[in-house]
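Take a look at the structure below.
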Amino acid sequence: MRCVKVTLPDGTDLELPDGASGADAAAAIGAGLARAALAVRQNGEVRDLARPLVPGEPLEIITPKTDGALEIIRHDAAHVLAAAVMELYPGVKISIGPPIENGFYYDFEFPPGVTVSDADFARIEQKMREHINADERFVREDVMVDEALQRFRAEGQDYKVELIEDLVRDADRDHPVEAVSLYTNGPFTDLCRGPHAPSTKRIKAVKLQSVAGAYWRGDSERQQLTRIYGTAFFSKDDLAQHLERLEQARARDHRKLGRELELFMFSELSPGSPFWQPAGMAIWNELSKLWREENRRRGYREVKTPILYDVDLFKQSGHWDTYRENMYFTDVEDRPMGLKPMNCPAHIQLFKDDRRSYRDLPIRYSEQGLVHRHEPSGTLHGLLRVRHITQDDAHIFCSEEQIRDEVVGCLEFGFFLYDLFGFEPRLELSTRPAKRIGSDEIWDRAEAALRDALDARALSYEINAGDGAFYGPKIDLHMTDSIGRSWQLGTVQLDYSMPERFDLHYTGADDADHRPVMIHRALLGSFERFIGILVEHYAGEFPLWLAPVQAIVLPIADRHAEAAGGVLEALRDAGLRAELDDRTESVGRKIRDAELRKVPYMLVVGDREAESGAVAVREHRIGDSGSEAASDVVARLAEKSVRRER
RNA sequence: GCCGACGUAGCUCAGCUGGUAGAGCACUUCACUCGUAAUGAAGGGGUCCGCGGUUCGAGUCCGCGCGUCGGCUCCA
């Protein structure tokens with residue numbers, strides 16, 4: 001008899017009869033494994049348990065404990081969801097339903113007039129559980145394209161028809177698509193590449209989470225579908241733990257902490273524009289100070305430019321053509337004017353104010369530039385997406401030869417700043433977008449220059465094709481917020497176009513005119529977004545140097561007011577942000593309030609301390625560390641703050 | 001901008017099927033003068049997001065608008 005031979009992860013070989021499946025292999029190894037098995041992995045590909053093994057390839061049996069196993073049952077759960085929805089909503093059209101990072105979704109087009117909201121989740125989940133408890137098998141069949149098309153057409157499943165047609169059309173010429181795979185679970189059959197677990201009962205816990213609109217094929221010109229998000233796990237405990245983690249993540253949401261710690265607020269009177277309260281402004285100012293010091297150290301010179309301009313400026317810069325929709329305009333004595341959405345045209349005016357020599361280059365202007373962008377209403381998000389944006393901007397005017405060093409300098413500056421906060425940003429290189437200005441040769445050169453700079457530092461990065469600015473490619477630094485969403489912070493953008501449009505030039509050593517190149521860079525991105533990320537990163541427990549209130553003096557009784565006042569004064573004289581809690585409350589109460597405000601240091605003054613010029617030091621989260629001379633404590637904190645210790 | 005949900009005191013939230021609003025915290029006052037996460041008592045505080053409509057009567061039902069939240073698209 002012929003055999004298939006496969007190698008197991010521990011190096012042993014397994015021989016099975018010809019045509020044996022993954023399930024057979026699992027059973028041959030052990031009954032427990034056979035029960036736990038979900039799928040197999042061979043040569044990097046995850047396949048159904050029921051499919052014949054590929055002879056000669058290493059074999060790994062996937063069980064709930066295997067990395068990536070959740071993805072399988074989440075995909076299963078998406079199919080179960082679709083099955084339930086099709087039963088409950090006759091006439092619904094299905095599109096796609098993949099597993100995603102923490103769960104799965106399925107996109108549907110409901111019949112006209114039918115809406116689904118989270119109020120419907122209970123009965124959909126109920127129906128899903130029926131299918132799960134019925135332990136329905138996932139059955140794969142491979143059918144010819146024509147047959148599949150006929151089948152989905154007959155059912156009026158237009159999206160499936162389009163998917164198959166596109167599969168055929170987009171196929172590699174050498175490997176035309178002749179057949180597609182269908183998976184059936186219970187009453188439901190879906191076009192699907194697989195793989196799936198053997199049956200629905202492998203899903204031990206499932207929960208629908210939210211409903212959202214999503215455009216078909218991600219195209220806002222096309223039909224908007226209803227997306228139902230859910231998640232699934234191998235146990236109810238795992239699900240409960242996951243929900244608990246989400247809850248904890250919400251506790252560090254900067255919008256919540258911003259209100260609780262009185263850092264900033266928002267008002268309906270100016271959507272997307274933060275109002276900074278004193279505590280938030282303290283953080284802003286520290287960041288600002290850091291930014292100034294480091295810019296100066298690196299040869300930047302700070303400038304300040306207007307926010308309101310004649311629209312002619314934006315016609316020349318190209319913003320009028322490409323960005324008008326997102327700008328704010330007004331008429332001033334019948335003269336059309338607009339708020340700048342970017343600082344570059346302003347800095348260009350500074351550059352043009354004089355004849356420039358190659359000896360002047362690079363010219364580095366920095367500015368905390370206030371720009372306004374009319375971000376669509378649905379996209380605003382606390383400090384992370386605002387309309388009133390203070391960029392930590394800079395523009396470098398340099399010669400083409402200087403590009404690499406300047407870009408490397410920007411990146412190193414960025415990493416210096418991020419290191420200070422313990423951030424590990426993700427790098428992306430974004431290349432030419434469809435809507436752009438400038439010739440292809442220019443884009444070729446610009447993209448190559450950025451790649452060189454990244455390679456020069458051996459930095460790893462992702463390519464984000466087509467996501468560059470309309471005037472040039474860029475390198476972006478991305479960070480993740482408390483619930484895993486990615487936000488762009490820093491950016492370094494190369495621009496050959498703007499100097500062209502504004503006819504910038506400098507005199508070279510050859511006494512001829514040359515065109516400078518512009519580098520746009522923001523490292524924090526914007527103060528707003530960066531502080532939002534900072535709040536979530538520290539969960540509001542800022543290091544001493546950033547803390548809005550660095551130390552609070554807590555007198556035990558009224559008679560300690562004078563001594564406490566002296567400590568407050570000493571702290572303030574040392575340059576620290578300090579407060580005195582002289583309410584007629586118990587120390588316990590004062591400590592509790594200070595802890596909740598996440599004040600790093602609480603300095604308690606009672607009889608013992610008042611007498612000897614001491615304070616009892618209590619550090620946030622750490623606790624009482626005993627009495628010390630007030631002057632020593634003040635000096636120590638001042639030193640620690642100046643050093644920006646983490 | 002699009003889809004769905006939500007909008008009640010400064011904050012967090014209750015308010016059943018329509019009958020002119022409640023709690024806790026915060027705030028004010030008084031008493032207490034306190035040793036490391038809440039002292040006690042009393043009191044003040046609401047255009048129930050806005051505008052229309054239905055109704056004898058709307059926080060509650062309907063429409064429109066604004067804002068917020070979760071996504072989608074977008075993010076120079």
Side-chain angles (χ1 to χ4, degrees), chain A residues 105 107 110 115-120 209-229 250 253 255-256 259-260 262 265-272 314 317-319 321-327 341-342 344 371 373-382 384-387 389 430 433 435-437 467-472 474 476 483 485 487-488 491 493 495 497-498 520 529 554-561 583-596 602-609 616-621 623-627:
Chain A
Y105 67 77
D107 285 349
F110 286 92
T115 58
V116 171
S117 76
D118 51 8
D120 302 303
Q209 293 176 298
S210 64
V211 54
Y215 298 106
W216 170 235
R217 294 266 158 116
D219 182 348
S220 60
E221 301 297 310
R222 305 198 63 180
Q223 175 73 32
Q224 184 156 32
L225 306 172
T226 301
R227 175 170 299 177
I228 298 178
Y229 284 95
R250 268 191 278 277
D253 188 311
R255 294 166 298 183
K256 179 174 150 72
R259 192 170 41 242
E260 287 172 0
E262 297 186 297
M265 55 161 269
F266 286 91
S267 161
E268 292 193 6
L269 297 172
S270 187
F314 303 118
S317 68
H319 290 98
D321 293 328
T322 52
Y323 203 66
R324 203 177 357 168
E325 310 290 87
N326 293 302
M327 286 176 62
M342 293 178 65
C344 24
V371 301
R373 301 176 181 183
H374 184 82
E375 303 290 1
S377 52
T379 64
L380 301 179
H381 185 94
L384 300 182
R385 185 84 181 263
V386 292
R387 288 176 174 161
I389 308 165
S430 297
K435 201 170 167 185
R436 63 177 184 263
I437 56 181
D467 209 34
F470 71 83
Y471 49 70
K474 55 180 187 163
D476 293 329
I483 57 172
R485 286 179 287 213
W487 296 91
Q488 183 196 308
T491 181
Q493 313 184 347
D495 181 1
S497 299
M498 218 53 88
H520 309 245
R529 184 173 283 183
L554 309 178
I556 285 176
D558 289 352
R559 64 178 176 279
H560 309 121
R583 294 176 301 168
T584 58
E585 291 286 354
S586 66
V587 217
R589 177 52 180 267
K590 293 179 183 182
I591 283 173
R592 176 180 158 82
D593 288 347
E595 287 284 357
L596 290 174
M602 287 149 273
L603 308 179
V604 178
V605 179
D607 286 335
R608 296 196 294 269
E609 291 77 15
V617 180
R618 179 189 169 103
E619 201 172 338
H620 175 61
R621 276 199 175 254
D624 189 0
S625 61
S627 288

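All values derive from a computational prediction rather than experimental measurement. A note on names: the letters A, B, ... follow the listed sequences, proteins ahead of strands, and every chain is numbered from 1.
Pairing for B/C61 goes to B/G53, judged as Watson-Crick or G-U wobble with the two contacts each under 3.5 Å. The partner of B/U68, taking Watson-Crick or G-U wobble pairs whose two distances both stay under 3.5 Å, is B/A5. For B/C74, there is no paired nucleotide, since no Watson-Crick or G-U wobble pair has both relevant distances below 3.5 Å. Pair assignment for B/U39 gives B/A31, based on Watson-Crick or G-U wobble hydrogen-bonding distances that are each under 3.5 Å. For B/A26, there is no paired base (Watson-Crick or G-U wobble, both distances below 3.5 Å).
Atom-to-atom, CE of A/Met602 to C1' of B/U36 comes out at 9 Å; the value is rounded to the nearest Å. One can place NZ of A/Lys256 at 15 Å from C1' of B/C69, the figure rounded to the nearest angstrom. If you take CZ of A/Arg387 and P of B/G67, they are 7 Å apart, rounded to a whole angstrom. With rounding to whole Å, A/Met265 atom CE is found 11 Å from B/G10 atom C1'. Between A/Met342 atom CE and B/C75 atom C1' the separation is 12 Å, expressed in whole Å. Between the CG atom of A/Leu384 and the P atom of B/C69 there is a distance of 10 Å, given to the nearest Å.
OP1 or OP2 of B/G70 lies within a sub-4.0 Å distance of a side-chain N or O belonging to A/Arg485. Checking the phosphate oxygens (OP1, OP2) of B/U68, no side-chain nitrogen or oxygen of A/Arg259 falls inside 4.0 Å. In this model, the phosphate group of B/G70 is approached by a side-chain N or O of A/His381 to a distance below 4.0 Å at OP1 or OP2. Phosphate proximity of B/C75 to A/Arg529: absent, as no side-chain N or O sits under 4.0 Å from OP1 or OP2. For the pair A/Ser586 and B/U39, the criterion of a side-chain N or O lying under 4.0 Å from OP1 or OP2 is met. Proximity of A/Arg592 to the phosphate of B/U36: no side-chain N or O atom is located under 4.0 Å from OP1 or OP2.
Between the P atoms of B/C66 and B/G10, the separation comes to 24 Å (whole Å). A gap of 42 Å separates the C1' atoms of B/U55 and B/A42, to the nearest Å. Between the P atoms of B/A58 and B/C72, the separation comes to 41 Å (whole Å). For the C1' atoms, the distance linking B/U60 with B/G19 amounts to 11 Å, nearest Å. Nucleotides B/C62 and B/C6 have their P atoms positioned 10 Å apart, rounded to a whole Å. Taking atom C1' on both B/C11 and B/G52, the two are 31 Å apart, rounded to the nearest angstrom. B/U17 and B/G59: their C1' atoms are spaced 15 Å apart (whole Å). Taking atom P on both nucleotides, B/G15 is separated from B/C32 by 42 Å, rounded to a whole Å.
Nucleic acid contact class of A/Tyr471 (heavy atoms, under 4.0 Å, all strands): sugar-phosphate only. Note on A/Arg618: a base of the nucleic acid sits closer than 4.0 angstrom, heavy atoms only. Contacts of A/Gly318 with the nucleic acid, taken as non-hydrogen atoms under 4.0 Å apart, are absent. As judged by a 4.0 angstrom heavy-atom cut-off over every strand, A/Leu380 is placed among residues touching the sugar-phosphate backbone only. Among the protein residues, A/Arg255 comes within range of the sugar-phosphate backbone only, with heavy atoms under 4.0 Å from sugar or phosphate atoms but none that close to a base. At the heavy-atom level, A/Glu262 lies nowhere under 4.0 Å from the strands shown. If you check every strand for non-hydrogen atoms under 4.0 Å, A/Pro271 touches sugar and phosphate atoms only. A/Asp607 comes within 4.0 angstrom of a nucleotide base, judged by non-hydrogen atoms across all strands. Nucleic acid contact for A/Ala557: base, since at least one base atom lies under 4.0 Å from a heavy atom of the residue. Among the atoms of the strands shown, none is found under 4.0 Å from any heavy atom of A/Ser267. Using a 4.0 Å heavy-atom distance criterion, A/Arg559 is classed as a sugar-phosphate-only contact. Heavy atoms of A/Gln493 sit under 4.0 angstrom from primed sugar atoms or phosphate atoms, though from no base atom. Within 4.0 Å (heavy atoms only), A/Ser210 reaches sugar-phosphate atoms of the nucleic acid but no base atom. No contact: A/Phe266 has no heavy atom under 4.0 Å from any strand.
Between the side chain of A/Tyr215 and the base of B/G71 there is no donor-acceptor pair of N/O atoms closer than 3.5 Å. Residue A/Thr584 places a side-chain atom within donor-acceptor reach of the base of B/C32, judged by atom type and a 3.5 Å distance cut-off alone. Taking 3.5 Å as the limit, the base of B/G71 and the side chain of A/Gln209 contain no donor-acceptor pair of atoms between them. Residue side chain A/Arg385 reaches the base of B/C74 through a donor-acceptor N/O pair under 3.5 Å, judged by distance alone.
Of the candidate nucleotides B/G71, B/C34, B/U36, B/G71 has the atom lying nearest to any side-chain atom of A/Ala212. Listed nucleotides B/C75, B/A37, B/U73 differ in distance to A/Thr379; the shortest reach to its side chain belongs to B/U73. Checking B/G71, B/U68, B/G4 against every side-chain atom of A/Thr115, the shortest atom distance belongs to B/G4. Here the nucleotide nearest the side chain of A/Arg373, chosen from B/C66, B/U39, B/C75, is B/C75.
Under the 4.0 Å criterion applied to side-chain N and carboxylate O atoms, A/Asp624 and A/Arg618 are not assigned as salt-bridge partners. Salt bridge absent: A/Asp467 and A/Lys474 never bring a charged side-chain N and a carboxylate O closer than 4.0 Å.
Few gaps surround CZ on A/Arg222; more than 12 heavy atoms of other groups in view lie less than 6.0 Å from it.
Judged purely by atom type and a 3.5 angstrom limit, A/Asp593 has no side-chain atom pairing as donor or acceptor with the backbone of A/Lys590.
Separation of atoms NE2 (A/His620) and CD (A/Glu595) is listed at 5.5 Å; rounding is to 0.5 Å.
In this structure, A/Tyr471 and A/His520 have parallel ring planes: the angle between them is below the 30° cut-off, well short of the 60° mark.
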Query - Trace of the side chain to side chain contact (heavy atoms under 4.5 Å, CB included) decision for A/Leu225 with A/Arg227 - result: CA-CA 6 Å; A/Leu225 306 172; A/Arg227 175 170 299 177; over 6 Å; no

